[in-house]
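Report on one structure; see the data block that follows.
This one's a predicted model, so the numbers in the text were calculated from it and none came from an experiment. Residue numbers count from 1 along this sequence.
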Amino acid sequence: MNSVHTLEHLRAAITEARSAGKRIALVPTMGNLHAGHIALIKQAMVRADFVVASIFVNPLQFGPNEDLDSYPRTLAADQEKLLEAGCNLLFNPDAQVMYPNGMAQHTTVSVPGVSAGLCGGSRPGHFDGVATVVCKLLNMVQPDSALFGEKDYQQLAIIRKMVADLNIPVQIIGAPIVRDTDGLALSSRNGYLNAQQRATAPVLQQCMQALKAHIIKGERDYPALFAQFTADLQSAGFRLDYVELRDANSLEAADAESAQLVLLAAAYLGTTRLIDNLIFDL
Ligand code: PAF
């Protein structure tokens, strides 16, 4: 597997793959790769002959009090995992390559509607940073398909809308959440949890499953159901950020017409913010 850091070298590798008639897939990441990322690489290999992974901890998507500086950077281990998985090319630019004139005056992409509320409500500006960097990566690599995990469900909806609105010729593929054996959704931020918090973390998914079971049984007193959910999480040591039931396709508030629902939640354990979601039919 080759690693390239500049746009020039990336374009040369892409041109070579294209002239050999290869279909290209992109898996954008911020590194600190886990089994969820590797599942994306494996799925990309099924759809494409040339798989590009990008690793870039994008400063534009971090708020001023967020974990940009402490975000885990594990390049050597990531390279080994990508090589072992069968990835063809790693694009690992630095901020100078991505934002040569700095970020302050950089053109940004803002996706209205789906970016509001949920994580967009708690992390102002975050999704503009995500949409901007993903738009740039898609333009840089020009893949046939790009793969993203469904754990970041709102992010995936935003990327789908951006690609549709801006007519970017790429197929966006969402891949199911990969979980640890105890149900915790894999995330690079799980590494921030101490042993006690790590033992508690699966309670988020357990409470979401319990809430889903009530809804499937036909209970519709949502304020009471959400109050119980909040209380259960609090007694386990979490601080709830949000819990919401949305239409799984539009990400608008769920209504009687919604064929598929998604339950989305974010909660803090100490200073670590965990997110998770559950998709289900009624
Ligand atoms: O999900 C992520 O890891 C990031 O938000 C992404 C899509 C790589 C953009 O920086």
Practice problem: Determine, using the 4.5 Å side-chain heavy-atom cutoff (strictly less than), whether I14 and F56 are members of one ILVMFWY cluster. | Solution: yes
Exercise. Work out which heavy atom in L147 is nearest to a heavy atom in P28; give both atom names and the distance.
Key: O-CD, 3.5 Å
Quiz item: Rest of the hydrophobic cluster containing Y192 (Ile/Leu/Val/Met/Phe/Trp/Tyr, side-chain heavy atoms under 4.5 Å)?
Solution: M30, V57, F62, L68, Y71
Quiz item: side chain to side chain contact (heavy atoms under 4.5 Å, CB included) with A253: which residues, sequence neighbours excluded?
Solution: none
Quiz item: Shared ILVMFWY cluster between V130 and L274, side chains joined below 4.5 angstrom?
Solution: no
Quiz item: Nearest heavy-atom pair of P176 and E150: which atoms, and what distance?
Solution: CA-OE1, 3.6 Å
Practice problem: Evaluate the side chain to side chain contact (heavy atoms under 4.5 Å, CB included) criterion for residues D182 and R198: first the C-alpha distance (whole Å), next the side-chain angles of each, then the deciding distance (0.1 Å), finally the verdict. | Solution: CA-CA 10 Å; D182 59 7; R198 176 62 192 81; 2.9 Å; yes
Quiz prompt | For R179, salt bridge (charged side-chain N to carboxylate O under 4.0 Å, His left out) partners two or more places apart | solution = D276
Quiz item: Q197 and T272: side-chain donor and acceptor closer than 3.5 Å?
Solution: no
Quiz item: Stepwise, does the salt bridge (charged side-chain N to carboxylate O under 4.0 Å, His left out) test hold for R273 with D67?
Solution: CA-CA 11 Å; R273 186 170 175 279; D67 55 342; over 6 Å; no
Practice problem: Go through the steps for I279 and Y153 under the test side chain to side chain contact (heavy atoms under 4.5 Å, CB included), then give the verdict. | Solution: CA-CA 10 Å; I279 304 167; Y153 199 83; 3.5 Å; yes
Quiz item: L90 and Q79: side chain to side chain contact (heavy atoms under 4.5 Å, CB included), yes or no, with the steps?
Solution: CA-CA 8 Å; L90 168 63; Q79 277 173 314; 3.6 Å; yes
Could you pull out all donor-acceptor pairs under 3.5 Å where a side-chain atom in residues 42-55 meets a protein atom, sequence neighbours excluded?
from : atom 1 : to  : atom 2 : distance (Å)
K42  : NZ     : A85 : O      : 3.2
D49  : OD1    : R23 : NH2    : 3.2
D49  : OD2    : R23 : N      : 2.7
D49  : OD2    : R23 : NE     : 3.4

Could you pull out all donor-acceptor pairs under 3.5 Å where a side-chain atom in residues 101-120 meets a protein atom, sequence neighbours excluded?
from : atom 1 : to   : atom 2 : distance (Å)
H106 : NE2    : K136 : NZ     : 3.0
S110 : OG     : D128 : OD1    : 3.0
S115 : OG     : V111 : O      : 2.6

Self-check item: Heavy-atom closest pair, residues H37 and G31
Solution: CE1-O, 3.9 Å
Practice problem: Give a yes or no on whether a salt bridge exists between R18 and D144, defined as a side-chain N under 4.0 angstrom from a carboxylate O. | Solution: yes
Quiz prompt | Single-linkage hydrophobic cluster, 4.5 Å side-chain cutoff, F229 and I215 together | solution = yes
Practice problem: To the nearest 0.5 angstrom, please state how far the OG atom of S3 sits from the CG atom of L89. | Solution: 7.5 Å
Quiz item: Which atom names give the shortest non-hydrogen contact between A146 and F148, and what distance separates them?
Solution: CB-CE1, 3.7 Å
Exercise. Flag yes if L137 and I24 sit in one hydrophobic cluster, no otherwise; membership is Ile, Leu, Val, Met, Phe, Trp, Tyr, and two members link when side-chain heavy atoms are under 4.5 Å apart.
Key: yes
Quiz item: Can you get from L269 to L264 by hopping between Ile, Leu, Val, Met, Phe, Trp and Tyr side chains that sit under 4.5 Å apart?
Solution: no
Self-check item: Nearest heavy atoms of S145 and I173, plus distance in Å
Solution: CB-CG1, 4.3 Å
Practice problem: Compare every heavy atom of F226 with every heavy atom of T230, then report the nearest pair and how far apart it is. | Solution: OG1-O, 2.7 Å
Self-check item: Interatomic spacing from OG1 in T200 to CZ in F238 - rounded to 0.5 Å
Solution: 6.5 Å
Quiz prompt | Contacts of type salt bridge (charged side-chain N to carboxylate O under 4.0 Å, His left out), residue E244, not counting sequence neighbours | solution = R246
Practice problem: Could you pull out all residues at least two apart from E66 that satisfy salt bridge (charged side-chain N to carboxylate O under 4.0 Å, His left out)? | Solution: R123
Quiz item: Taking only residues two or more places apart in sequence, or in another chain, which ones meet R239 in a salt bridge (charged side-chain N to carboxylate O under 4.0 Å, His left out)?
Solution: none
Quiz item: Between I41 and C87, does a side chain to side chain contact (heavy atoms under 4.5 Å, CB included) hold up when you go through it step by step?
Solution: CA-CA 7 Å; I41 299 285; C87 180; 4.2 Å; yes
Practice problem: Not counting sequence neighbours, which residues clear side chain to side chain contact (heavy atoms under 4.5 Å, CB included) with D281? List them please. | Solution: Q260
Quiz item: Sequence neighbours excluded, which residues qualify as side chain to side chain contact (heavy atoms under 4.5 Å, CB included) partners of A35?
Solution: V178, L186
Side-chain donor-acceptor pairs under 3.5 Å in residues 206-214, sequence neighbours left out?
from : atom 1 : to   : atom 2 : distance (Å)
Q209 : NE2    : Q205 : OE1    : 2.8
H214 : ND1    : E219 : OE1    : 3.3
H214 : ND1    : E219 : OE2    : 3.0

Donor-acceptor pairs under 3.5 Å, side chain of residues 161-170 to any protein atom, not counting sequence neighbours: which ones?
from : atom 1 : to   : atom 2 : distance (Å)
K161 : NZ     : D165 : OD2    : 2.8

